[in-house]
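This report concerns only the one structure given below.
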Amino acid sequence: MLRFAPSPTGDMHIGNLRVAIFNYIVARQRGEKLLIRIEDTDKERNIEGKDKEILEILDIFGIKYDNVVYQSSNFHIHQEMAKKLLEEKKAFACFCSEDEIAIEREKAKLEKRPYRYSGKCEYLTPKEVEKLKNKKPFVIRIKKPENPIKFNDLIKGEIELTPFDIDSFVILRADLTPTYNFACSIDDMIYDISLVIRGEDHLSNTPKQIHIRKALGYDKEIEYAHLPIILNEDGKKMSKRDNASSVKWLLQQGFLPEAIANYLILLGNSFEREVFTIEEAIEFFDLSKISRAPAKFDIEKLKFLNKEHMKKIKDLAKRFNVNSIYEDLLQIFKDESSTLKEIKEKFDKVFEKSTDEEFSREREILKKEILENELEENYDDFKKRLQANTGLKGKKLFMPLRELLINQKHGAEIKDLYKAMKPYLKEIIKNR
RNA sequence: GUCCCCAUCGUCUAGUGGUCUAGGAUACCGCCCUUUCACGGCGGCGACACGGGUUCGAAUCCCGUUGGGGACGCCA
């Protein structure tokens with residue numbers, strides 16, 4: 001079983017979505033199930049409704065999963081496991097206050113050395129522990145391992161972390177809730193996860209999680225693949241400040257889910273084809289071939305892919321919830337737009353009044369001519385008549401004419417527009 | 001600061017010692033099409049971070065430098 005484990009603490013990030021897509025693809029390739037695990041261990045930061053939003057987004061992208069679980073519902077198991085480690089002396093109660101730790105951390109920074117837990121509470125006698133337990137709040141720390149922890153990452157290769165870098169870290173908070181690493185490690189164990197695909201920012205958590213399971217006596221090896229992170233234009237990690245990092249924002253901008261998914265799969269990869277769907281990618285995607293270097297997000301390339309995927313859409317009127325007589329016009333706008341939003345903006349403009357001064361006189365002449373006569377079947381005949389009866393020609397004919405049609409000076413060929421708009425052309429021009 | 005990861009056109013990448021005067025895509029520029037713009041067709045610009053090795057031969061292997069990124073929470 002594979003899993004996608006988002007925390008419900010903010011908008012879905014494209015990096016997260018990429019992780020979800022890859023988990024889905026690989027689960028399908030391996031014929032394994034996909035579990036969605038909502039990591040809601042931090043009560044303070046959980047945002048009401050974000051879990052539903054995440055599931056909706058997975059749905060929009062066509063990511064099918066077999067089950068959804070909430071990490072908080074396993075708290076009792078996490079607590080039991082912590083108790084077990086405590087009894088086996090693989091973990092210990094730590095009475096250091098947050099202030100004390102903060103001071104030590106500050107000191108380490110000043111001395112330009114990495115902060116590590118002092119080990120102060122590790123060797124308290126059982127009697128001392130009992131005494132302190134009644135007086136002070138405490139956390140549970142797991143003892144750091146005796147030997148380095150090694151694992152083989154499917155993307156990064158062999159990774160090793162020393163006991164010093166793993167450190168004796170907190171597994172249970174003072175309020176008895178588990179920390180991320182502890183809950184995650186145990187849940188991966190109890191749901192029998194075979195492969196964890198996640199972002200590179202978790203790379204140094206992995207040895208800690210392996211250490212936890214080893215301490216619990218779980219021998220089965222879980223495979224890992226850590227994806228390089230996505231950088232913004234400036235080469236920094238994409239954050240909430242970057243609009244494009246939000247899946248919701250991209251969707252609002254009129255990017256198709258198919259195109260976004262396509263782009264996220266393509267990023268850091270190379271295939272024979274560049275334009276494809278998630279389902280098609282299952283055929284040729286290879287996790288081990290992802291570039292190990294972080295990649296910059298390029299919205300221009302996304303636009304290109306969006307255009308490609310938009311070509312396939314035949315029911316734009318339905319998508320925009322407008323009368324199907326406008327389908328042909330929408331299709332013309334589609335050819336010159338790179339997002340749905342762009343199409344819609346061009347379409348909406350057709351129904352607005354023209355305010356442009358430059359050709360207002362020519363527009364009036366043409367408007368009168370068009371409204372007073374029957375429309376020709378053929379555009380060329382229509383054009384000839386306008387030319388003959390108004391005396392307008394060249395730029396002074398075509399620019400105002402296009403403005404009458406679509407309220408823009410530039411755009412698709414008038415011939416095509418005429419054909420598409422003929423049934424309702426007079427209506428539009430009347431209100432222009 | 002410490003640990004870990006990474007390094008080919010602006011961007012995403014192909015490339016696993018000779019087939020590389022480095023291929024593709026995108027972006028950009030030009031021409032054609034179009035009485036305009038876009039689409040489409042054709043073409044162009046553009047990269048092996050640097051310095052040492054190894055080798056007959058290095059984008060490719062090794063070392064170093066530089067640069068970038070990630071991690072160092074009772075966040076996930």
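Per chain, numbering begins at 1; letters A, B, ... match sequence-line order.
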Centroid-centroid distance, A:Y180 to A:H202, less than 6.0 Å: yes

A:F151 CZ - B:rC5 P separation (whole Å): 10 Å

Sugar-phosphate only, base, or nothing, as touched by A:G199 at under 4.0 Å among non-hydrogen atoms: nothing

Span that lies between the P atom of B:rU19 and that of B:rA59, in whole angstrom: 9 Å

Separation of atom CG in A:N269 from atom C1' in B:rC12, rounded to whole Å: 10 Å

Pairwise C1' distance for B:rG15 and B:rG51, with rounding to whole Å: 24 Å

Counterpart base for B:rG1, defined by Watson-Crick or G-U wobble contacts under 3.5 Å: B:rC72

Aromatic centroids of A:Y65 and A:F4 separated by under 6.0 Å: no

Span that lies between the P atom of B:rG41 and that of B:rG53, in whole angstrom: 50 Å

Pair assignment for B:rC50, Watson-Crick or G-U wobble, requiring both distances under 3.5 Å: B:rG64

Under 4.0 Å protein heavy-atom contacts per nucleotide of nucleotides 6-11 of chain B, with B for base, S for backbone only and - for none: SS--BS

For A:E342 against A:S337, the heavy-atom pair lying closest together: OE2-CA, 3.5 Å

Aromatic contact, A:F347 with A:F320 (centres under 6.0 Å): no

A:Y115 six-ring centre to A:K109 NZ/CZ under 6.0 Å and within 45° of normal: no

Separation of B:rU26 C1' from A:F304 CZ (nearest whole Å): 7 Å

Nearest-Å distance once atom C1' is located in both B:rC61 and B:rU55: 10 Å

Short side-chain N/O contact to B:rU2 OP1/OP2 from A:K112, under 4.0 Å: no

A:R141 NZ/CZ over A:F92 ring centroid, <6.0 Å and within 45° of normal: no

Parallel, tilted or perpendicular, as decided by the 30° and 60° cut-offs, for the rings of A:F284 and A:F276: perpendicular

Expected output: side-chain A:R116 to main-chain A:F164 donor-acceptor under 3.5 Å: yes

Sidechain-backbone polar pair: A:Q331 side chain, A:I313 backbone, donor-acceptor under 3.5 Å: yes

Between B:rA27 (P) and A:E274 (CD): distance, integer Å: 10 Å

Whole-Å distance separating the CZ atom of A:R273 from the C1' atom of B:rA14: 18 Å

Pair assignment for B:rG10, Watson-Crick or G-U wobble, requiring both distances under 3.5 Å: B:rU26

Rounded C1' spacing from B:rC75 to B:rU54 in Å: 48 Å

Protein-to-nucleotide contact annotation, 5' to 3' order, nucleotides 71-76 of chain B [B base; S sugar-phosphate only; - none; under 4.0 Å, heavy atom]: SSSBBB

A:E80 bridged to A:K83 by N-O distance under 4.0 Å: no

Length of the CD-C1' vector between A:E233 and B:rG68, whole Å: 17 Å

Mate of B:rU55 where both pairing distances stay under 3.5 Å, Watson-Crick or G-U: none

Spacing of A:N232 atom CG relative to B:rG69 atom C1', expressed in whole Å: 12 Å

Distance, P atom - from B:rG40 to B:rC20, rounded to whole angstrom: 30 Å

Beyond-backbone contact of A:L35 with A:V69, side-chain heavy atoms, under 4.5 angstrom: yes

Contact letters for nucleotides 31-47 of chain B, in which S counts primed atoms plus P, OP1 and OP2 and B counts the base, heavy atoms under 4.0 Å: ----BBBSSS-------

A:E258/A:K312 under salt bridge (Lys or Arg N to Asp or Glu O under 4.0 Å): CA gap, chis, key distance, verdict: CA-CA 11 Å; A:E258 303 93 289; A:K312 297 178 199 162; over 6 Å; no

Nearest-angstrom distance, P atom, B:rC28 to B:rA49: 26 Å

Length of the line joining A:K150:NZ and B:rC4:P, which is rounded to integer Å: 14 Å

B:rU21: pairing nucleotide in any strand, Watson-Crick or G-U under 3.5 angstrom: none

Residue mapping more 5' on RNA chain B - nearest nucleotide basis, A:L266 or A:L231: A:L266

P-based separation of B:rG52 from B:rG69 [nearest Å]: 28 Å

Contact check, side chains of A:L251 and A:F61, non-hydrogen atoms, under 4.5 Å: yes

